[in-house]
Amino acid sequence: MNSLLSLGGLRAGAFALFVLASVVLTIWASRRSRGAAGFFVAGRNLTAFQNGLAISGDFMSAASFLGVTGLVALFGFDGLVYEVGFIVGWIMIVLIVAEPLRNCGKFTLSDVVALRLRSRGVRAATAASSLIISLAYLLAQLVGAGALAALLLPIGPGTGIVIIGVLMIAYVLFGGMVGATYVQIVKAVLVWTATTVLTLLVFIHFSFDVGAMFAKAKSVSLHTDQYLLPGGYFKNPVDTLSLALALALGTAGLPHVMTRFYTVPTAIAARHSAKIALTVITSFAVMICLLGFGASAIVGPHAILESNRSGNSAITLLALQLGGGARSFGGEMLLACVSAIAFATILAVVSGIMISSASTIAHDIFSMLVFKSPSHERRQVAIAKMATVGFGLLAIALALMVQQLNVAFLVGLAFAVAASANLPVILLSFFWRRFNDVGAIAAVIGGMISSIGLVLAGPAVIGHHGLLFKDATPLLPLANPGIVSIPFGFICGWVATVISRSRSTGESFEAQQLRMLSGFGAEEAIEH
Amino acid sequence: MGVYTRNVNDADVLNGYTKRCRHLYQRVVDLVTEWPGGSMQATQKGALRAEDYARTFRGDSGDVWTRTRELARFRGRFVWSIFVASLSIYFGLLVVMLSMRDLMSVRLHGDVNLGLVAVCAQLLVTIATFWAYCAWASAHFDGRARELSDAASLAEKSWETQ
């Protein structure tokens with residue numbers, strides 16, 4: 001027991017070291033953050049390289065680092081389908097969204113849309129959808145952090161949620177976007193390096209014979225015949241397509257991803273940062289999939305399932321084995337490093353989500369809707385800091401309340417709402433001259449209600465594997481509603497625009513096009 | 001004196017209440033009337049400037065607007081083409097994977113089957129799409145975007161001097 005505690009202490013020590021380093025970084029970063037632009041978007045002064053690393057840090061979340069490795073280790077091929085879906089989401093971001101967002105945006109999605117559609121209703125609707133997405137994503141991450149804490153450290157899940165939550169609030173409160181970005185960059189470098197080292201160790205274990213690794217992984221898997229084929233995890237093809245659609249289109253509508261593109265000085269820098277991000281992300285995704293196969297081959301699916309039913313401990317057990325096994329110094333050191341990095345991953349991602357939520361509350365809701373005045377920068381920052389504390393405490397309280405429930409569906413819900421509510425508004429306002437305020441409100445409300453409603457009526461909430469009503473039959477067979485809710489969001493926007501009397505002016509569309517394409521009139525970087 | 005002061009204070013308080021009520025009423029009216037069709041007067045800096053630009057370039061023989069439309073069409077042709085092609089390949093491969101498991105199980109080398117190759121192909125397609133766009137944008141788009149921005153700046157300056 002003492003030995004176990006000391007080993008847990010080693011992991012806790014590694015985590016504490018990261019926290020200490022990140023706190024120092026945040027304090028340093030806070031001196032570089034001035035005014036509202038400094039707090040919300042790092043003064044639009046990040047380099048493409050810095051922003052690219054921060055974006056890839058957003059992608060390298062616990063869902064990828066722990067979840068996909070476990071999924072590949074237990075179910076093989078279907079884990080790859082999941083990971084590829086995340087990467088394909090970047091096609092939409094790079095080609096359609098990144099540069100126009102940089103040129104048209106200020107702090108939030110509502111600012112982008114408000115360039116043409118200026119009613120309060122549009123701002124209120126987009127702010128509401130952004131907050132719902134952020135809260136769903138934040139809750140999933142915090143509950144995941146609690147479960148991870150119980151798995152890796154000598155603390156309970158509730159304590160893990162509180163520690164991560166309080167640190168998240170502190171980073172955003174003191175460092176703003178600059179602090180959150182630097183924490184994200186450090187984490188991205190750590191995660192990528194750890195993944196590379198582990199992949200190299202797996203290759204060395206199999207004497208660089210990847211074929212032998214696949215053969216071993218398949219031979220020890222739970223379902224040998226279908227391990228390297230689709231259908232092991234995703235049983236319903238329509239549901240799989242629906243998930244793929246949400247991943248491919250939803251990433252572009254996630255508020256914390258969009259906010260990243262406001263932090264660079266130009267649209268070209270936004271493109272370059274996406275280029276760097278995609279390079280890092282793709283290499284990471286390939287390595288994570290290889291590590292999943294490696295975990296199946298070296299650790300074995302039974303040992304992974306014994307440790308954690310959802311397979312989230314696959315990468316940590318693999319690190320333990322590669323380092324020399326349990327009770328060995330190398331194994332425990334490697335496990336401590338990987339555990340600390342897993343926590344760092346969650347910490348950095350929730351800080352990013354928190355800053356985008358604070359921007360929405362302070363800038364969209366209070367400055368633009370309540371006070372109707374965007375000019376008071378100090379007031380905006382003060383409100384953002386209060387919002388950080390309030391929203392952060394709310395998220396912690398909710399996470400503590402639902403920590404015993406399976407809330408993994410919240411990530412899917414966040415993607416579905418992002419693709420069904422935010423994306424139609426972004427695309428239609430960028431590319432449809434006739435699109436108007438009524439259409440924008442209808443698209444957001446229609447997309448939000450359909451995606452949330454379908455999730456509530458589906459197997460994620462009702463039924464044997466659901467959150468509630470375990471004895472009942474789901475009203476709908478789809479756990480991922482994107483295939484219905486995404487077209488519905490677009491149709492709502494189109495129909496409401498066509499039948500409403502409100503007309504969008506051609507001038508505002510032309511002005512937006514000019515700014516979107518050339519950057520003329522775009523928000524400029526601020527000197528520190 | 002005491003009574004008089006109290007009366008004045010009461011009147012002040014009453015006026016204050018009236019003002020606050022009027023202000024509150026006005027806020028409610030604003031909120032209702034501007035929901036959803038009306039426009040916000042105090043909106044972001046960029047949004048106000050956009051209308052200024054619209055007024056500026058209206059008298060500029062439509063040159064800036066024409067170039068904007070041309071550039072939008074030019075970018076749209078390339079971007080939407082490769083976007084649709086890339087997503088079609090992704091969803092096409094996904095549908096094939098989900099519906100033709102036998103085909104996906106065809107072994108190509110050891111345990112490496114067609115399904116695994118299809119996943120790798122999809123990753124390559126994504127990267128190729130991305131690099132193709134970046135190369136195209138650097139070679140053909142950025143220069144024209146800069147020219148458009150310069151033309152808009154010139155038009156704005158000439159409008160300001162008039």
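Within every chain, numbering begins at 1; the chains are lettered A, B, ... in the order of the sequence lines, protein sequences first and strands thereafter.
Side-chain contact between B:Arg75 and A:Met516 is absent, with no heavy-atom pair separated by less than 4.5 Å. Side-chain contact between B:Leu98 and A:Phe234 is absent, with no heavy atoms from C-beta onward closer than 4.5 Å. B:Arg101 places none of its side-chain heavy atoms less than 4.5 Å from the side chain of A:Phe77. Within the 4.5 Å cutoff, the side chain of A:Thr279 has no heavy atoms near those of the B:Phe130 side chain. Between A:Thr282 and B:Thr126 there is no side-chain heavy-atom pair separated by less than 4.5 Å.
Within 6.0 Å of CH2 on B:Trp80 lie more than 12 heavy atoms contributed by other residues, nucleotides or ligands.
For A:Phe520 against B:Ser153, the heavy-atom pair with the smallest separation is CE1-OG, 3.4 Å. Contact record, B:Leu94 with A:Ala244: CD2-CB, 3.3 Å, taken as the closest heavy-atom pair. Closest approach of A:Ser518 to B:Ala145, counting heavy atoms only: CB-O, 3.5 Å. The minimum heavy-atom distance linking B:Ser86 with A:Ile91 is given by the pair OG-CD1, 3.0 Å.
Most heavy-atom pairs under 4.5 Å with chain B: of the set A:Thr240, A:Ile96, A:Val84, this distinction falls to A:Ile96. Interface remark: of the candidates B:Gly110, B:Ser99, B:Ala137, B:Ala137 forms the most heavy-atom pairs closer than 4.5 Å to chain A. Listed options B:Leu123, B:Val95, B:Leu114 were ranked by heavy-atom pairs under 4.5 angstrom with chain A; first place goes to B:Leu123. Your options are B:Thr129, B:Asn113, B:Val125, and the one with the most heavy-atom pairs under 4.5 Å with chain A is B:Asn113. Of the listed residues (A:Ala274, A:Gly231, A:Gly85), the one with the most heavy-atom contacts under 4.5 Å to chain B is A:Ala274.
Interface remark: B:Leu116 contributes backbone and side-chain atoms alike to the contact with chain A (heavy atom separation under 4.5 Å). For A:Ile268, the part sitting under 4.5 Å from any heavy atom of chain B is the side chain, from C-beta outward, and nothing else. Only the side chain of B:Leu87 comes within contact range of chain A, with heavy atoms under 4.5 Å apart. With a threshold of 4.5 angstrom between heavy atoms, A:Val210 does not approach chain B through any atom at all. A:Lys275 touches chain B through backbone and side chain together, each having a heavy atom under 4.5 Å away. For a residue to count as touching a neighbouring chain, one of its non-hydrogen atoms must lie under 4.5 Å from one of that chain's; by this rule A:Phe431 touches chain B with the side chain only. For a residue to count as touching a neighbouring chain, one of its non-hydrogen atoms must lie under 4.5 Å from one of that chain's; by this rule A:Ile281 does not touch chain B. Residue contact with chain B, scored on non-hydrogen atoms closer than 4.5 Å, involves the side chain of A:Leu278 exclusively. With a threshold of 4.5 angstrom between heavy atoms, A:Ala212 does not approach chain B through any atom at all. Of the atoms belonging to B:Phe78, not a single heavy atom falls under 4.5 Å from chain A. The contact between B:Leu71 and chain A is made by backbone and side chain atoms together, counting heavy-atom distances below 4.5 Å. At a 4.5 Å heavy-atom cutoff, the contact between B:Phe83 and chain A is made by backbone and side-chain atoms alike. Heavy atoms of B:Ser138 lying under 4.5 Å from chain A belong to its backbone as well as its side chain.
Summarising the geometry, atom CD belonging to A:Gln226 is positioned 11.5 Å from atom OG belonging to B:Ser105; distances are rounded to the nearest 0.5 Å. Taking CG of B:Asp102 as the reference point, atom CG of A:Leu229 lies at 8.5 Å (rounded to 0.5 Å). Atom CD in A:Gln513 sits 10.5 Å away from atom CG in B:Leu148 (nearest 0.5 Å). The structure places CZ of B:Phe141 at 7.0 Å from CZ of A:Arg271, a figure rounded to the nearest 0.5 Å. Here the CD1-CD1 distance, from B:Ile127 to A:Ile87, works out to 7.5 Å after rounding to the nearest 0.5 Å. Summarising the geometry, atom CE belonging to B:Met97 is positioned 8.5 Å from atom CG belonging to A:Leu80; distances are rounded to the nearest 0.5 Å.
Panel note: side chain B:Asp111, backbone A:Lys218; no donor-acceptor pair is recorded below 3.5 Å.
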